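Below: the structure, in structure tokens.
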Amino acid sequence: MNARVTAGFLPLLDSAILVAARQKGFAADEGIDLALVRENSWASIRDRLAVGHFDVAHMLAPMPIAHNLGLAPLAARTIVPMALGLGGNAVTVSLPLWDTMRAHGATGDFDPAATGRALRAAISDGRRPRFAVVHPHSGHNYELRYWLVACGIAPDADVEIVVVPPPLMSDALAAGRIDGYCVGEPWNTAAVAKGVGRIVTTKAAIWHSSPEKVLGVAAEWADADPDTLAALLRALYRAAAWCGEAGNREELAAMLAAPDHVGAPAEWLLPALTGRIAAGAGETVVVPDFFVPQAKAATFPWKSHALWFYSQMVRWGQVAASAQNASVTRETYRPDLYRAALKPLGVALPGANAKVEGALTAATPVGSAGASLVLGPDGFFDGRIFDPDRLDEYLASF
């Protein structure tokens, strides 16, 4: 008899692995009756996981860390035994702001440095743009801020940052309530398709091969039913491999387009899957690694990813730096559970739990169990390095 697992998700491209696991039968093959429940805000995902409505959830990568650090008013202890891919985000601005940035030298190739300089020049003209992110404890918030600061823009002085649910982003832009936003696909493409926005840079350009969503798991449920969790991880890994096959892109886009999944036109989803991003005004920019579901250990829960997010929480005053908080962060991401579940499949399993983020400038074979594994490049656009073994030095550098 199948074990029932209830998973919450938001209507975003990077829910693909969960959707494919159910729709393509990978979950059923592992004895899992996977029930997917669509939500429209990350706060709902957080609260329903906390009160036991969900066993697992499609979740922003920093959210489980925030839960365990006590940064959410209603949150249960949450673990991350698997990531749900790399990349998938972009930054979009209104057409009036883009016109001003273009006049100040913004390029159309998503180069974050050139675009950031143009935005800084636009701000110096006397405007204070309002940017939206999806949640305070999101990669979007931290990557947007990282990009802005590296380009000489003070996030809390030169711009205003507000929270808007992903499906409402393009409508907020069209209504003039915000001037730009950082969000996952297809909600950047939505603004371009509606003729109200211009994509100016991407997550893959700001931090290459960087994490986005994870499988957040209620720790109490994981402790009570480890075999079901392991079976679910195997199903999701197989789904990720299917999602990563180029020949499956059109079927995946059609699957995600369904009203009970992302509920957006398939043509809004294909750009991110193919890496051919419609930036606006008929221009297309090729971003080969815009969204990576399975290659490059895309589903591995690196502790260095967790610690980088923690460093940004400290940087922006969300939590105090302490040995205890760093320890809680490390223990939130669980590569041990990932390896134990996937070892029977004979797949590539990284030998390390953490890596130096930004150190790989080219595709690099690394030590692994099972199949061969190639990582990177994984650089930050400003050339900085994050060594998780030198966390205190990194925090002191801000």
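This structure is a prediction, so every number in the text was calculated from the model and none was measured. Only heavy atoms go into these numbers, but all of them, side chains included; no hydrogens, no water, no symmetry mates.
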Practice task
Say whether Leu375 and Leu86 are linked into one hydrophobic cluster, either directly or through other cluster members, by side-chain heavy-atom distances under 4.5 angstrom.
Solution key: no
Fill in the blank from the handout: Hits for side chain to side chain donor-acceptor pair (under 3.5 Å) against Arg145, two or more places apart or cross-chain, chain-then-number order -> Asn141, Asp156
Exercise for the section: Kindly indicate whether the side chain of Asp260, heavy atoms from C-beta on, has any atom under 4.5 Å from the side chain of Arg38. Expected result: no
Handout entry: Quiz item: cation-pi between Arg238 and Phe26, 6.0 Å / 45°
Key = no
Practice task
Assess whether salt bridge (charged side-chain N to carboxylate O under 4.0 Å, His left out) is satisfied between Asp171 and Lys194, documenting all intermediate values.
Solution key: CA-CA 9 Å; Asp171 291 340; Lys194 295 175 182 180; 2.9 Å; yes
Practice task
With the side chain counted from C-beta on, respond yes when Cys243 and Asn248 share a heavy-atom pair under 4.5 Å apart, and no when they do not.
Solution key: no
Problem - Asp289/Lys296 ion pair, N-O < 4.0 Å - result: yes
Problem - Atom CD of Glu267 with >12 non-hydrogen neighbours under 6.0 angstrom - result: yes
Problem - Glu250 atom CD, over 12 foreign heavy atoms within 6.0 Å - result: no
Exercise for the section: Could you label the plane-to-plane angle of the Trp308 and Tyr142 rings as parallel, tilted or perpendicular, counting under 30° as parallel and over 60° as perpendicular? Expected result: perpendicular
Exercise for the section: Give a yes or no on whether the backbone of Ala122 and the side-chain of Arg127 come within a donor-acceptor separation of less than 3.5 Å. Expected result: no
Exercise for the section: Please work out which of the three classes, parallel, tilted or perpendicular, describes the rings of His305 and Trp207, given edges at 30° and 60°. Expected result: perpendicular
Handout entry: Within-4.5 Å side-chain heavy-atom neighbours: Leu307 and Leu391
Key = yes
Practice task
Walk me through it: do Phe380 and Phe386 pass the test ring pair (Phe, Tyr, Trp, His ring centres under 6.0 Å)?
Solution key: CA-CA 9 Å; Phe380 295 90; Phe386 173 66; 7.7 Å; no
Practice task
Please check if any side-chain donor atom of Asp47 sits under 3.5 Å from a side-chain acceptor atom of His53, or the reverse.
Solution key: no
Fill in the blank from the handout: Those residues at least two apart in sequence (or on a different chain) that pass salt bridge (charged side-chain N to carboxylate O under 4.0 Å, His left out) with Asp223 are Arg77
Problem - Donor on one side chain, acceptor on other, Thr329 and Thr332, under 3.5 Å - result: no
Problem - Min side-chain heavy-atom separation Pro166-Trp42 under 4.5 Å - result: yes
Practice task
Answer yes if the side chains of Thr78 and His67 hold a donor-acceptor pair under 3.5 Å, and no otherwise.
Solution key: yes
Exercise for the section: Side-chain contact test, heavy atoms from C-beta onward, threshold under 4.5 Å: evaluate it for Phe381 versus Pro112 and give yes or no. Expected result: yes
Practice task
Please answer whether the main-chain N or O of Val80 pairs with a side-chain N or O of Arg334 as donor and acceptor at a distance below 3.5 Å.
Solution key: no
Exercise for the section: Name all residues meeting the side chain to side chain donor-acceptor pair (under 3.5 Å) criterion together with Arg339; count only those two or more places apart in sequence or in a different chain, and write none if there are none. Expected result: Asn353
Practice task
Indicate whether the side chain of Glu357 and that of Tyr394 have a donor and an acceptor atom separated by less than 3.5 Å.
Solution key: no
Exercise for the section: Using modelled atom types only, decide if a donor and an acceptor are shared between the side chain of Ser15 and the backbone of Phe9 within a distance under 3.5 Å. Expected result: no
Completion exercise
Residues at least two apart in sequence or cross-chain that pass salt bridge (charged side-chain N to carboxylate O under 4.0 Å, His left out) with Asp378, listed by chain then number, are Lys355
Problem - Co-membership, hydrophobic cluster, residues Leu74 and Met63, 4.5 Å side-chain - result: no
Handout entry: Phe131 and Ile178, any side-chain heavy atoms less than 4.5 Å apart
Key = no
Fill in the blank from the handout: Residue pairs passing the side-chain hydrogen bond (donor to acceptor under 3.5 Å, both in side chains) test with at least one member in residues 174-193, sequence neighbours excluded, are Thr92-Asn188, Glu185-Asn188, Glu185-Thr189
Handout entry: Residues in salt bridge (charged side-chain N to carboxylate O under 4.0 Å, His left out) contact with Arg330, at least two apart in sequence or another chain
Key = none
Problem - Main-chain N/O of Ala320 paired to Asn325 side chain as donor or acceptor, under 3.5 Å - result: yes
